[in-house]
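Inspection log for the structure reproduced underneath, given as structure tokens.
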Protein chains: 2
Amino acid sequence: MKLNEGIEWAIHCCSILASLPEDAALPARRLAEFFDLPEHYLAKHLQALSQAGLVNSAKGPGGGYRLSRPAANITVLDIVLAIDGTEPHFQCTEIRRKGPSGVDPACYSKPCGIARAMWRAEKAWRDELASISLKEITDIGMQETPSLQIEKSMEWFGNVLK
Amino acid sequence: MKLNEGIEWAIHCCSILASLPEDAALPARRLAEFFDLPEHYLAKHLQALSQAGLVNSAKGPGGGYRLSRPAANITVLDIVLAIDGTEPHFQCTEIRRKGPSGVDPACYSKPCGIARAMWRAEKAWRDELASISLKEITDIGMQETPSLQIEKSMEWFGNVLK
DNA sequence: ATAATAACGGATATATAATATCCGTAAATA
DNA sequence: TATTTACGGATATTATATATCCGTTATTAT
Ligand code: SF4
Ligand code: SF4
């Protein structure tokens with residue numbers, strides 16, 4: 001199993017949007033350019049973020065994407081669920097009901113211990129992701145990104161945001 | 001993203017093996033029959049369990065699979081990693097290095113905050129799975145499985161183990 | 001010995017999902 | 001009016017998961 005690659009893209013994009021001036025927006029084309037990603041496919045992911053309400057979108061010249069709320073109020077889990085969907089990774093197919101020892105489905109009132117264990121682990125995963133805000137991500141990024149790259153980025157922003 | 005369906009199969013199979021008499025073994029064919037699963041594909045997963053050292057296998061008549069150690073010493077994580085592989089779900093593709101602001105790769109000494117956050121969440125997931133032993137799974141199963149199904153299973157075991 | 005059972009590994013086929021592109025439409029700006 | 005951009009649907013491509021098949025080897029029973 002591999003996590004959707006778009007998750008990495010989306011978190012990076014949100015992190016960039018978080019460091020934008022208040023009234024600025026970046027179109028998909030620009031974000032794709034910044035990270036050297038396939039433009040149209042990234043656009044799909046950005047639309048998913050939009051549908052999840054994490055970003056606001058504006059059409060037309062000067063339009064694009066911006067965060068819909070402060071980065072401190074967006075968690076990494078929000079972004080992950082927006083891209084990956086909210087379905088649990090572990091899907092129960094009820095094999096306990098089948099085969100020669102299976103009995104009437106009505107006898108199984110709740111998910112078995114296996115499913116519950118898997119879902120508990122998934123909850124631990126989500127809880128951890130929910131404990132990290134986009135603001136923390138960007139703060140860490142600011143601290144750890146090589147200063148040369150920060151300079152280059154700022155210059156690029158300057159050009160792109162007119 | 002969806003977890004490998006074989007994970008559910010494998011945990012169920014291990015649970016069955018855990019409740020077998022000390023010297024008994026079940027061949028893949030029988031396990032597939034018990035859960036109404038595709039025989040050859042299940043066999044692949046069982047071989048993975050074997051390679052991971054969780055079960056011992058014996059060829060020839062009377063052969064098959066049995067647990068390699070007490071169920072209390074096998075965790076759900078052991079089984080999950082045996083089937084799903086040990087690679088982290090989140091794969092870092094280093095997009096921060098690309099695009100117009102990327103700098104010399106040598107400048108990036110360690111994974112960025114995003115990757116670290118994703119991996120921390122994955123660790124929480126694994127820790128939770130590691131905290132549950134196969135014995136706990138089977139104990140819960142024994143308590144919660146409808147008594148009629150337990151009876152049917154016992155009868156089936158009796159016939160199959162000769 | 002011979003036949004039957006069963007694991008094992010490799011090769012292959014099929015189905016599903018992830019990745020990626022394309023196009024037409026609608027909205028906003030200049 | 002022309003340009004920019006988001007959006008949704010359709011489609012193509014690639015990778016992975018699912019499933020089967022086969023030949024080999026080891027083991028047991030006859
Ligand atoms: S509830 Fe248990 S038996 Fe049913 S599908 Fe889920 S894991 Fe399998
Ligand atoms: S380290 Fe950060 S930038 Fe590099 S691939 Fe991982 S998530 Fe992306």
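First the proteins, then the strands, lettered A, B, ... as listed; each starts at 1. Every heavy atom of this structure was used, including side-chain atoms; hydrogens, water molecules and symmetry mates were not.
For DNA chain D, the stems formed by at least three consecutive Watson-Crick or G-U pairs, with both atom-pair distances below 3.5 Å, span C:1-30 with D:1-30.
Regarding Arg66(B), its CZ atom lies at a distance of 13 Å from the P atom of dT27(D), rounded to whole Å. Nucleotide dA18(C) holds its C1' atom 11 Å from the CG atom of Asp84(A), rounded to whole Å. Whole-Å rounding puts the Leu49(A) CG to dA6(D) C1' distance at 13 Å. With rounding to whole Å, Ile83(B) atom CD1 is found 11 Å from dT18(D) atom P. The distance between atom NE2 of His45(A) and atom P of dT21(C), rounded to the nearest whole Å, is 12 Å. Atoms CD (Gln91(A)) and P (dT16(C)) sit 15 Å apart, rounded to a whole Å. Atom pair Gln47(B):CD and dC22(D):P shows a separation of 17 Å (rounding to whole Å applied). Atom CG in Asn4(A) sits about 13 Å away from atom C1' in dA20(C), given to the nearest Å.
Taking 4.5 Å as the limit, some side-chain heavy atom of Leu54(B) sits within range of a side-chain heavy atom of Arg69(B).
Taking the side chain of Trp9(A) as heavy atoms from C-beta on, and the options dC8(C), dT20(D), dA20(C), the nearest nucleotide is dA20(C). With dG10(C), dA19(D), dA7(C) as the candidates, the nucleotide lying closest to the side chain of Tyr65(B) is dA7(C). In this structure, the nucleotide among dC22(C), dA6(D), dT18(D) sitting nearest to the side chain of Ser57(A) is dA6(D).
Looking at Asp84(A), its side chain never comes within 3.5 Å of a backbone N or O of Asn4(A) through a donor-acceptor pair. Although no hydrogens or angles enter the test, the distance criterion places a donor-acceptor pair under 3.5 Å between the side chain of Ser153(B) and the main chain of Gln149(B). With hydrogens and angles ignored, the 3.5 Å screen pairs no side-chain donor or acceptor of Arg29(A) with any backbone N or O of Glu39(A). Of the possible polar contacts, one joining the Glu136(B) side chain to the Ser133(B) backbone as a donor-acceptor pair under 3.5 Å is found. Looking at Asn159(A), its side chain never comes within 3.5 Å of a backbone N or O of Trp156(A) through a donor-acceptor pair.
Between Lys44(A) and Lys59(A), the one whose closest nucleotide on DNA chain D sits nearer the 5' end is Lys59(A). Where Ser50(B) and Glu5(A) each meet DNA chain C at their nearest nucleotide, the meeting point lying more 5' is that of Ser50(B). Each of Lys2(A) and Ala58(B) has a nearest nucleotide on DNA chain C; the 5'-most of these lies closest to Ala58(B).
For DNA chain C, the residues of residues 21-43 of chain A within the heavy-atom distance limit of 4.0 Å (strictly under) are Pro38(A), His40(A), Tyr41(A), sorted by number.
Outside the 6.0 Å centre-distance limit, the rings of Phe35(B) and Trp9(B) are not counted as a close aromatic pair.
Counting all heavy atoms, side chain and backbone alike, Phe90(A) lies closest to Ala115(A) at CE2-CA, 3.7 Å.
Between the CD1 atom of Ile83(A) and the CD1 atom of Ile7(A) there is a distance of 7.5 Å, given to the nearest 0.5 Å.
OP1 or OP2 of dG8(D) sits under 4.0 Å from a side-chain N or O of Gln51(A).
With salt bridges taken as basic N to acidic carboxylate O contacts below 4.0 Å, none links Lys152(B) and Glu155(B).
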